[in-house]
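Take a look at the structure below.
Counting from 1, the numbers follow the sequence of the chain as shown.
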Amino acid sequence: MKPNILFFLIDGLRADQCYGSDKKSHTPFLDSLVDNGVYFNNTFSPADGTTISLNCLFNSEFQYETGIRAKKIILLENNNLQKLKEQDYKIVGLIPKLTSLQPLANFLENKEHVYEPGPPPETLPTGMTDKILKLLDSLDNKKPWFCYIHLFDLHPLREGRQPLKIDEFQSEKFGNSTYAKTVSSIDYWLMKISEKINFDNTIFVLTADHGERIPFGEKSSFQFEPEFKQVSKIGKKILPKTAHSIGGKMMGKFKKNIAKSRVDYSNKDLSSCQKRSRDPYFTLSLYDELLHIPLLIKGKQFSSKNISEQASNLDIFPTIFDALDIPFDNLKSGRSLLKLIHNEKIKENNIFLHTIPYEKESELDSIGIRTGKYKYFRNSKNPKKNVNLYDLKNDPYENSNIAKNNPGIINEMENLIDNMKKDRIKADDALTEDEEKEISKELKKLGYM
């Protein structure tokens with residue numbers, strides 16, 4: 001019988017808090033898995049948000065195959081979950097209760113497969129651990145299972161909220177930021193869950209949908225705004241109710257102007273990477289802090305190895321399928337990384353990049369490509385606007401935009417993007433009117449709009 005697959009996706013988990021010289025979190029469990037499993041330390045998501053990233057993951061195709069501006073999961077006919085189903089895998093999991101994820105939910109065979117995304121969301125210390133353990137206990141060994149767990153523990157930070165019940169992780173031992181401390185908390189609970197895992201017949205996978213900003217000095221741009229609570233209180237007393245809305249808008253604009261002045265002053269000695277770390281969480285971005293994700297695979301089929309060749313989340317399922325002799329033919333974009341694990345060379349795969357869709361198209365909508373040497377992106381509509389080019393070998397933090405002096409490289413990057421998209425057919429990502437309304441409502445609730 002084929003092995004079980006336990007697949008953890010931690011929403012917004014940055015690779016640098018799992019491995020590397022910038023790591024500040026305290027993660028003894030993850031550290032042991034990295035030492036005893038396969039860790040791909042140069043793995044990237046093709047998008048800066050969840051839905052598009054998951055489309056790439058579950059189809060092993062770039063977003064021009066599943067919808068550049070898709071707002072819900074698009075599962076193509078021969079998607080990776082379907083392949084597992086055809087191999088007689090039982091598909092189970094726990095995912096946030098969101099309209100955008102409903103096509104994924106339709107594959108899950110366990111009755112209680114959704115949880116409350118919040119705010120505040122259910123997290124490992126607030127009940128998710130028990131739900132996961134209950135689900136694992138319910139699985140028998142009559143046929144292999146694939147269990148997908150999508151965790152929202154880091155999501156409160158995107159909403160400007162403190163994660164719940166991480167009081168035990170507040171000391172410097174667990175990190176120098178709330179983000180790093182939350183990662184330390186996640187590691188603690190995953191270690192508890194691991195006690196239920198039989199690694200002899202289970203492949204364990206840990207990754208993320210995208211990375212995240214970690215504000216320099218723990219201070220986002222919105223935190224530079226003055227509160228003026230007393231002024232607001234007096235204003236409401238003095239002004240008639242009909243003027244409250246206008247007064248509120250004027251006050252908001254005034255606060256933002258003060259915040260901008262304070263941010264500019266505070267940022268004057270910071271690097272470009274440090275400055276943009278203070279951008280609002282939902283600012284569209286194709287910088288690596290939003291795209292660099294961890295990828296860890298542990299199982300008897302995989303020897304211990306740390307691999308630095310560039311990979312993407314499209315490669316995860318083909319690698320597992322290759323190790324288990326599960327057919328995965330006809331893929332245009334994703335590929336198996338198994339040869340790298342076996343010390344063989346494979347051709348480098350470039351990664352197509354595109355920002356996630358907002359309700360309306362934004363000036364920050366970007367398209368780009370990441371090669372092993374360069375990162376290139378620009379405005380999605382106008383190739384002459386917001387042009388960025390970075391030498392990743394010499395400038396891994398993307399501080400120095402070299403676009404102006406390298407038109408030849410930019411032409412090469414544009415040709416690569418055109419060739420990748422050539423003759424590709426985009427899937428139908430149209431939403432019904434009800435889905436559009438429901439997804440908009442959920443995004444607003446989670447702070448995206």
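- Put simply, the side chain of Ser271 gets close to the backbone of Gln274: a donor and an acceptor are under 3.5 Å apart.
- Residues Ser171 and Lys181 fail the side-chain proximity criterion, which asks for heavy atoms closer than 4.5 Å.
- Within the 3.5 Å criterion, the main-chain N or O of Pro46 finds a donor-acceptor partner in the side chain of Gln63.
- Remark: Pro396 pairs with no residue by the side-chain contact (heavy atoms from CB on, under 4.5 Å) rule, at least two apart or across chains.
- Legend: salt bridge (Lys or Arg N to Asp or Glu O under 4.0 Å) pairs involving residues 188-197, not counting sequence neighbours, sorted by first then second residue: Asp137-Lys196.
- Salt-bridge annotation for Arg14 and Glu289: absent, with no side-chain N of the basic residue lying under 4.0 Å from a carboxylate O of the acidic one.
- In this structure, Phe146 has its ring center closer than 6.0 angstrom to the ring center of Phe317.
- Ile52 has its side chain within reach of Pro357: a pair of non-hydrogen atoms, C-beta onward, lies under 4.5 Å apart.
- Looking at heavy atoms from C-beta onward, Ile297 lies in side-chain contact with Ile203 at the 4.5 angstrom threshold.
- One distance of note links OG of Ser25 with CG of Leu30; it measures 7.5 Å at 0.5 Å rounding.
- One finds no salt bridge joining Lys165 and Asp153 here, because no Lys/Arg side-chain nitrogen approaches an Asp/Glu carboxylate oxygen to under 4.0 Å.
- With sequence neighbours excluded, the residues that form a side-chain contact (heavy atoms from CB on, under 4.5 Å) with Asp395 are Tyr390, Asn399, Ser400.
- In this structure the side chain of Ile193 reaches within 4.5 angstrom of the side chain of Phe8, judged on heavy atoms.
- By the 6.0 Å and 45° rule, Lys305 does not stack over the aromatic ring of Tyr39.
- For the atom pair OH of Tyr19 and CG of Leu33, the computed distance is 14.0 Å after rounding to the nearest 0.5 Å.
- Listed here is the closest heavy atom pair of Phe152 and Asp11: CE1-OD2, 3.3 Å.
- Under the 3.5 Å distance criterion, the side-chain polar atoms of Thr207 are matched with a main-chain donor or acceptor of Pro294.
- Asn401 and Val387 make their closest contact through ND2-O, 3.0 Å (heavy atoms, listed as atom of the first residue, atom of the second, distance).
- Here the closest heavy-atom approach between residue Gly175 and residue Ala180 is recorded as CA-CB, 3.9 Å.
- Relative ring orientation between Phe377 and Tyr287 is described as perpendicular, the plane-to-plane angle rising above 60° on a 0-90° scale split at 30° and 60°.
- In this structure, Arg213 is not positioned above the aromatic face of Tyr281 in the sense of NZ or CZ being under 6.0 Å from the six-membered ring centre and within 45° of the axis.
- For His113, the side-chain contact (heavy atoms from CB on, under 4.5 Å) test picks out Ala105, Leu108, Asn110, with sequence neighbours left out.
- With hydrogens and angles disregarded, no donor-acceptor distance shorter than 3.5 Å links the side chain of Asn406 to the backbone of Ile409.
- Between Leu157 and Pro163, the closest heavy-atom pair is CD2-CD, 3.9 Å.
- Of the possible polar contacts, one joining the Asn388 side chain to the Asn386 backbone as a donor-acceptor pair under 3.5 Å is found.
- Taking CG of Asn59 as the start and CG of Leu314 as the end, the distance is 8.5 Å to the nearest 0.5 Å.
- Between the side chains of Ser336 and Asp322, at least one donor N or O sits under 3.5 Å from an acceptor N or O.
- Here the CG-CZ distance, from Leu337 to Phe40, works out to 4.5 Å after rounding to the nearest 0.5 Å.
- Tested against Glu212, the residues His155, Arg158, His292 include a single side-chain hydrogen bond (donor to acceptor under 3.5 Å, both in side chains) partner, Arg158.
- Residues satisfying the ring-ring contact (aromatic ring centres under 6.0 Å, His included) criterion with Tyr188, sequence neighbours excluded, are Phe169.
- The pair Lys375-Glu398 meets the salt-bridge criterion, with a side-chain N (NZ, NE, NH1 or NH2) lying under 4.0 Å from an Asp/Glu carboxylate O.
- Remark: side-chain polar atoms of Glu159 are not paired, donor with acceptor, to backbone N or O of Pro119 under 3.5 angstrom.
- With a 4.5 Å cut-off on side-chain heavy atoms, Leu190 and Leu206 count as touching.
- Side-chain contact check for Thr123 and Thr126: at least one donor-acceptor pair (N or O, by modelled atom type) lies under 3.5 Å.
- Of all the heavy atoms in Thr371 and Gln310, the pair that sits closest is O-OE1, 3.1 Å.
- The pair Lys332-Glu61 does not count as a salt bridge, with every side-chain nitrogen at least 4.0 angstrom from each carboxylate oxygen.
- Shortest non-hydrogen contact noted between His150 and Thr50 is CE1-CG2, 3.8 Å.
- Proximity of a side-chain donor or acceptor of Ser184 to a complementary backbone N or O of Phe174 within less than 3.5 Å is detected.
- With values rounded to the nearest 0.5 angstrom, Asp288 atom CG is found 11.0 Å from Ser45 atom OG.
- Between the side chain of Gln102 and the backbone N or O of Leu98 there is no donor-acceptor pair closer than 3.5 Å.
- Between the side chains of Asn379 and Ser366, no donor-acceptor pair of N or O atoms lies under 3.5 Å.
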Donor-acceptor list for residues 344-352 side chains, cut-off 3.5 Å, not counting sequence neighbours:
| residue | atom | partner | partner atom | Å |
| --- | --- | --- | --- | --- |
| Glu348 | OE1 | Gly372 | N | 3.1 |
| Glu348 | OE2 | Gly372 | N | 3.3 |
| Asn349 | ND2 | Ser333 | O | 3.0 |

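- By the 4.0 Å N-to-carboxylate-O rule, Asp391 lies too far from Lys393 to be salt-bridged with it.
- Here Leu290 contributes atom CG and Ser277 contributes atom OG; the two are 11.0 Å apart, rounded to the nearest 0.5 Å.
- Using modelled atom types, one finds a donor on one side chain and an acceptor on the other under 3.5 Å when comparing Asp31 with Thr27.
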